[in-house]
Enquirer: 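Have a look at the structure that comes next, please.
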Amino acid sequence: MNLILFGPPAAGKGTQARRLVETRRMVQLSTGDMLRAAIASGSELGKRVAGIMQRGELVSDDIVISLIEERLPEADAAGGAIFDGFPRTLAQAQALDIMLERRGSRIDLVLRLKVDDEALMQRVAGRFAESGRPDDNPESFKVRLSAYNDQTAPLLPYYENQKKLLEIDGMGSIDQVAAALDEALAEPRW
């Protein structure tokens, strides 16, 4: 089973994906984690990515698609993946469909965490105060949220037309959101 956790930055996708990895033994393919690892490596690519992320911009489709494609064999071996932070554009969604189809697979379900923009701003301010993660500073976050609303939110009709989109209230506690996700995954859809 291949899932996409969909929602704006700081919606809780990473938290929920890690929980699903533990409970369902799936592989989490988090572009955010992959990009932060590239930055930490100090490679030339990492330096380019660092500048892009610090400005709050989205990393180019070809870089992100390459990172995902490298990890697909691991997802195949585990019986599925949780895509977290990918796809972010229609081009990425179409590329993912093609990559999976070549492997005899597909996206089974897209779970959208619906959250309030103002609540997200408060989450990020708290997270930045705790961790100091550079891409979580409130100014960069505003740019990331705007990029999500402009470039990523239009993917909703793409998955809705495929009858794969299910919305989850992401404003509850971590446990409440987890329970809603578990309920959604328990319903036979595929």
Enquirer: Identify the heavy atoms of Asp62 and Ser60 that sit nearest to each other, and give their distance.
Expert: OD1-OG, 3.0 Å
Enquirer: Is there a side-chain contact between Met53 and Glu57 (heavy atoms, below 4.5 Å)?
Expert: no
Enquirer: Would the distance check show the side chain of Lys47 and the main-chain N or O of Ile39 forming a donor-acceptor pair, the cut-off being under 3.5 Å?
Expert: no
Enquirer: Could you tell me whether Arg112 atom CZ has more than 12 heavy atoms of other residues or ligands within 6.0 Å of it?
Expert: yes
Enquirer: Would a distance-only check, ignoring hydrogens and angles, find a side-chain to backbone donor-acceptor pair under 3.5 Å from Arg123 to Ala11?
Expert: yes
Enquirer: Do you know which two heavy atoms are closest between Leu29 and Ala75, and how far apart they sit?
Expert: CD1-CB, 4.4 Å
Enquirer: Using side-chain heavy atoms (C-beta onward) and a distance below 4.5 Å, is Phe86 in contact with Ile4?
Expert: no
Enquirer: Distance from Arg106 atom CZ to Glu101 atom CD, nearest 0.5 Å?
Expert: 11.5 Å
Enquirer: If hydrophobic clusters are built from ILVMFWY residues whose side chains come within less than 4.5 Å, do Val59 and Val143 share one?
Expert: no
Enquirer: Can you sort out the partners of Arg71 under salt bridge (Lys or Arg N to Asp or Glu O under 4.0 Å), two or more places apart, ordered by chain and number?
Expert: Glu74
Enquirer: Would Leu5 and Phe83 count as a side chain to side chain contact (heavy atoms under 4.5 Å, CB included) here? Give the steps.
Expert: CA-CA 6 Å; Leu5 284 182; Phe83 293 91; over 6 Å; no
Enquirer: Any idea which heavy atoms bring Gly14 and Asp84 closest together, and the distance?
Expert: CA-OD2, 3.4 Å
Enquirer: Met171 versus Lys114: any side-chain heavy-atom pair under 4.5 Å?
Expert: no
Enquirer: Drop me the distance from Met34's CE to Ile63's CD1, to the nearest 0.5 angstrom.
Expert: 13.5 Å
Enquirer: Check whether any side-chain N or O of Thr31 sits under 3.5 Å from a backbone N or O of Gly85 as a donor-acceptor pair, and report yes or no.
Expert: yes
Enquirer: What closest approach, in Å, do Phe6 and Pro87 show between heavy atoms, and which atom pair accounts for it?
Expert: CE1-O, 4.3 Å
Enquirer: Using side chain to side chain contact (heavy atoms under 4.5 Å, CB included), reason through Met99 and Ile68 one step at a time and then give a plain yes or no.
Expert: CA-CA 10 Å; Met99 284 187 290; Ile68 290 290; 4.1 Å; yes
Enquirer: So how far is it from Ser30 OG to Arg36 CZ, rounded to the nearest 0.5 Å?
Expert: 6.0 Å
Enquirer: For the OG atom of Ser140 and the CZ atom of Arg55, what is their distance to the nearest 0.5 Å?
Expert: 10.0 Å
Enquirer: For the residue pair Ser173 and Asp175, confirm or rule out a side-chain donor-acceptor distance under 3.5 Å.
Expert: no
Enquirer: Does the distance from a Lys or Arg side-chain N to an Asp or Glu carboxylate O, for Lys164 and Asp108, drop under 4.0 Å?
Expert: no
Enquirer: Distance check, rounded to the nearest 0.5 Å: Gln92 atom CD versus Leu155 atom CG?
Expert: 8.0 Å
Enquirer: Please walk me through it: do Leu100 and Leu72 pass side chain to side chain contact (heavy atoms under 4.5 Å, CB included)?
Expert: CA-CA 8 Å; Leu100 291 174; Leu72 285 179; 4.1 Å; yes
Enquirer: Output a table of donor-acceptor pairs, distance under 3.5 Å, between side-chain atoms of residues 20-27 and any protein atom two or more places apart or on a different chain; print 'none' if there are none.
Expert:
from, atom 1, to, atom 2, distance (Å)
Thr23, OG1, Arg19, O, 3.1
Arg25, NH1, Glu22, O, 2.6

Enquirer: So does Ala81 get a backbone contact from the side chain of Asn2, meaning a donor-acceptor N/O pair under 3.5 Å?
Expert: yes
Enquirer: Does any non-hydrogen side-chain atom of Leu120 lie less than 4.5 Å from one of Pro8?
Expert: yes
Enquirer: Do the side chain of Thr152 and the main chain of Thr89 share a donor and acceptor less than 3.5 angstrom apart?
Expert: no
Enquirer: With a 4.5 Å limit on heavy-atom distance, are the side chains of Leu67 and Leu35 in contact?
Expert: yes
Enquirer: Compare every heavy atom of Met121 with every heavy atom of Pro138, then report the nearest pair and how far apart it is.
Expert: O-CE, 4.1 Å
Enquirer: Taking it one step at a time, do Val177 and Asp169 satisfy side chain to side chain contact (heavy atoms under 4.5 Å, CB included)?
Expert: CA-CA 7 Å; Val177 174; Asp169 180 3; over 6 Å; no
Enquirer: Are Leu96 and Ile98 connected into the same hydrophobic cluster when the rule is that any two of I, L, V, M, F, W, Y join if their side-chain heavy atoms are below 4.5 Å apart?
Expert: no
Enquirer: Between Tyr158 and Asp97, is there a side-chain donor-acceptor contact under 3.5 Å, judged purely by atom types and distance?
Expert: yes
Enquirer: If you count every heavy atom of other residues, nucleotides or ligands that lies below 6.0 Å from Ile174 atom CD1, does the total exceed 12?
Expert: no
Enquirer: If the threshold is 4.0 Å, N to carboxylate O, is there a salt bridge linking Arg102 and Glu69?
Expert: yes
Enquirer: Taking C-beta and beyond as the side chain, do Leu181 and Leu113 meet within less than 4.5 Å on heavy atoms?
Expert: yes
Enquirer: Has the side chain of Ser146 got a donor or acceptor atom that lies under 3.5 Å from a matching backbone atom of Lys142?
Expert: no
Enquirer: Taking all atoms of both residues into account, what is the closest heavy-atom pair of Leu109 and Leu185, and its distance?
Expert: CD2-CD2, 3.8 Å
Enquirer: Rounded to the nearest 0.5 Å, what separates atom CZ in Arg144 from atom CG in Asn149?
Expert: 12.5 Å
